[in-house]
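Beneath this line is the structure, given in C-alpha cells, with notes to follow.
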2 protein chains.
Amino acid sequence: MLVKDNLTRKERIELKATELFREKGYAATSMRDLAAKLGMEAGSIYSHVRSKEEILQKICFRMANEFSEKLTEVENSNLSPIGKLKRIIIEHTKVITKDISASAVFWNEWKHLSKPFIDDFQLMKNTYEEKFIDIIDQSVKSKDFKKTDNKFTAMLILSALNGIHQWYKPEGPMNPEEVGEQLAELLIGGIKKKLKHNNSKH
Amino acid sequence: MLVKDNLTRKERIELKATELFREKGYAATSMRDLAAKLGMEAGSIYSHVRSKEEILQKICFRMANEFSEKLTEVENSNLSPIGKLKRIIIEHTKVITKDISASAVFWNEWKHLSKPFIDDFQLMKNTYEEKFIDIIDQSVKSKDFKKTDNKFTAMLILSALNGIHQWYKPEGPMNPEEVGEQLAELLIGGIKKKLKHNNSKH
DNA sequence: CCTACCGATCGGTAGG
DNA sequence: CCTACCGATCGGTAGG
C-alpha cells in the first residue's frame, strides 16, 4: 500500500486484515494474529469492529461494487460492442491492480460469508457474469467475433482477469492501464501472429 | 465422481475430504465435519490417516505430479512449438476436468501445507511455470507468435486454465478434450474474427 | 470403529 | 486500549 499514514484506526485494521486474509486465508487468520500485526491485544480490536466477519463483508462488497460500477459505466457508453469489451477488460484490470490483496480476498474468501450476505454476494456475482456474457453476445451479433459458446468465452476472459492478482507485481514495467491493454489485445486478438491469407480453421 | 464403490476406507476418506476442502476450504473443514460425511466418529478417521494435513498433501502432490508428467510428455514430443502449446492446454484441461474438486483444492488450499512440504510444492509450481514459459519462448522464436512479454502470456494462459474448475460442469455438452481444444483455439487464435487484410495493431 | 478425553486455541465480552 | 475471562470447538490420542 502506498499511503499508510492518515488512516483511521478502523482503516488500519481493515488494511492489515486484508493482507492477512490474503496470506493465510480468512478461516486460518485469528483475531490474535491480526492484533499482533497491529501491535495491540485481540480484545481491543472489538472497539472498532463488530466481528471478524464484518471485516470480510466490507472487503467483499467494496470490491463487488467497484466491479459493477465500472461495468455499468461501460455498458452505458456509446462504444462499439468490441470497444466495450476492450474497455471492460481494462477497467476490470485497473480495479484488481489497485488493490491486489483485496482482490485476492474478494475472489478466494467470499465463501466464508454467512447466510444473508453470501446470497447477496452471489447475486452480484451472477449479475456481473450475465452482463459480461451480454457484451460478448453483442459482439458476436455485430459480426466482430467468431460464433462460439458465449458463456464459455466469458468465463475464459473472467478467469484470466481474476488470475491477475496471483502474478501482478506493482513494481513491474507495466502500469495497470498497460496491463489491461495487453490483456485485451491477447484475449481479443489471440497470441498467434496473423498471416495474410488464413482461414480461421486449424 | 463416477465410481464410489470398490474404494478402500482410506480412499473414501480422501474423496470426501477433497469435496469438503473444496466447499468450505481446508482450514474451515473440521475432522468432525469429515467424520459426519463418512458416517463415523472423528477419532476413527485416525485409524486410516495420520493427520488432516496428510490428506491435503496427498491431494496437492497427486495433482502437481499429474500436471508435470503431462508437461514432460509434451516437451519430449516432436510437435512444433505451437503444437506443443495447443497440446499442453488440452492435457492441462483434461487433468482439471477429470477431478474438479481435487483441482480446486490443489489450486486454492496448498498454502496450508506446512514447512518442508510447502517448499517442495512451490518448487514444482515454479518449475511448471518456467517450462510453460519456455514453450511460449519457442513459439515466439519460430515466428508463430507475436513478440510479447512471454511470462505475461504464460500467466494469462495458466490463469485461464486454472479457472476452469470454477465453471466447468461435467454434465455440459463438451467433453474434456473438446473444452481443451476450444480453449486452445480461443487463446491462441483470439476471439476476434480474422479479416482478410488486417494489421495486428489497434 | 467408539468413548472419553487432552491441551490449545478460537471469537468474542465485561469491566475498567 | 488492556486484563481476565467465557463457552465452544479444534486436531489428535489412549484404551478398548
Side-chain angles (χ1 to χ4, degrees), chain A residues 4-61 105 108-118, chain B residues 4-61 105 108-118:
Chain A
K4 292 204 182 188
D5 307 327
N6 296 336
L7 293 182
T8 65
R9 234 95 50 163
K10 189 165 182 173
E11 286 166 340
R12 276 197 65 225
I13 291 171
E14 288 166 2
L15 185 71
K16 291 295 176 191
T18 304
E19 292 171 8
L20 279 173
F21 290 171
R22 189 231 179 141
E23 283 168 39
K24 303 166 69 103
Y26 173 78
T29 300
S30 74
M31 292 305 261
R32 282 153 182 91
D33 291 333
L34 177 53
K37 264 232 175 184
L38 291 159
M40 53 170 72
E41 296 302 317
S44 310
I45 298 175
Y46 291 88
S47 319
H48 303 99
V49 141
R50 240 181 294 269
S51 69
K52 184 183 166 188
E53 198 192 307
E54 193 195 60
I55 307 175
L56 182 64
Q57 287 161 14
K58 279 200 73 172
I59 300 167
C60 289
F61 286 100
V105 173
N108 296 320
E109 309 299 332
W110 63 268
K111 61 170 166 272
H112 295 110
L113 293 170
S114 61
K115 202 47 164 89
F117 304 101
I118 195 166
Chain B
K4 291 204 183 188
D5 307 327
N6 296 337
L7 293 183
T8 65
R9 236 94 52 162
K10 188 163 183 175
E11 287 166 340
R12 275 197 65 223
I13 292 171
E14 288 166 0
L15 185 72
K16 290 295 177 190
T18 305
E19 292 170 7
L20 279 173
F21 291 172
R22 189 229 180 143
E23 283 169 38
K24 304 167 67 102
Y26 173 78
T29 300
S30 74
M31 292 305 262
R32 283 154 182 88
D33 291 334
L34 178 55
K37 266 233 172 183
L38 291 161
M40 53 169 71
E41 295 303 316
S44 310
I45 298 175
Y46 291 88
S47 319
H48 303 98
V49 141
R50 240 180 294 269
S51 68
K52 185 183 167 190
E53 200 194 303
E54 191 195 60
I55 307 175
L56 181 65
Q57 287 160 15
K58 278 200 74 170
I59 301 166
C60 289
F61 286 100
V105 173
N108 295 321
E109 308 299 332
W110 63 268
K111 61 169 165 273
H112 296 110
L113 293 169
S114 62
K115 203 43 165 85
F117 304 100
I118 195 166

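Heavy atoms only: backbone and side chains are in, while hydrogens, waters and symmetry mates are out. First the proteins, then the strands, lettered A, B, ... as listed; each starts at 1.
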For the residue pair [X] and [Y], what are the closest heavy atoms and their distance?
X         : Y         : result
Asn108(A) : Lys111(A) : O-NZ, 3.5 Å
Ala17(A)  : Ile55(A)  : CB-CG2, 3.6 Å
Leu56(A)  : Glu109(A) : CD2-O, 3.7 Å
Thr18(A)  : Val105(A) : O-CG2, 3.5 Å

What stems, by residue range, does DNA chain C take part in, given at least 3 consecutive Watson-Crick or G-U pairs under 3.5 Å?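 The stems that DNA chain C takes part in, listed by first number, are C:1-16 with D:1-16.
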Excluding sequence neighbours, so at least two apart, what forms side-chain contact (heavy atoms from CB on, under 4.5 Å) with [X]?
X        : answer
Lys37(A) : Lys16(A), Glu19(A), Leu20(A), Glu23(A)
Ser47(A) : none
Ser51(B) : Glu53(B), Glu54(B)

Rounded to the nearest 0.5 Å, what separates atom NZ in Lys10(B) from atom CZ in Arg12(B)?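 These two atoms lie 15.5 Å from each other.
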Kindly state which residues belonging to residues 21-33 of chain A come within less than 4.0 angstrom of DNA chain C, counting heavy atoms of the residue only, listed by number.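 Within this stretch, Thr29(A), Ser30(A), Met31(A), Arg32(A) sit under 4.0 Å of the strand.
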Any ring pair (Phe, Tyr, Trp, His ring centres under 6.0 Å) pairs touching residues 29-50 of chain A, not counting sequence neighbours?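 Not a single pair qualifies under ring pair (Phe, Tyr, Trp, His ring centres under 6.0 Å).
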For residues 10-36 of chain B, which residue pairs pass the ring pair (Phe, Tyr, Trp, His ring centres under 6.0 Å) check, not counting sequence neighbours?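 Every ring pair (Phe, Tyr, Trp, His ring centres under 6.0 Å) pair that includes a residue of residues 10-36 of chain B, provided the two are not neighbours, is Phe21(B)-Tyr26(B), Tyr26(B)-His112(B).
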If the condition is side-chain hydrogen bond (donor to acceptor under 3.5 Å, both in side chains), which residues does Ser30(B) pass it with, not counting sequence neighbours?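 Per chain and number, Ser30(B) pairs via side-chain hydrogen bond (donor to acceptor under 3.5 Å, both in side chains) with Asp33(B).
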Mind checking what makes side-chain hydrogen bond (donor to acceptor under 3.5 Å, both in side chains) contact with Lys58(A), not counting sequence neighbours?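 Lys58(A): side-chain hydrogen bond (donor to acceptor under 3.5 Å, both in side chains) contacts with Glu14(A).
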Does anyone know the first and last nucleotide of DNA chain C in reach of chain A, 5' to 3', at under 4.0 angstrom to a heavy atom?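 The contact span of chain A on DNA chain C goes from dC10(C) to dT13(C).
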DNA chain D contacts among residues 40-52 of chain B, heavy-atom distance under 4.0 Å: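 Residues of residues 40-52 of chain B that come under 4.0 Å of DNA chain D are, in numerical order, Gly43(B), Tyr46(B), Ser51(B), Lys52(B).
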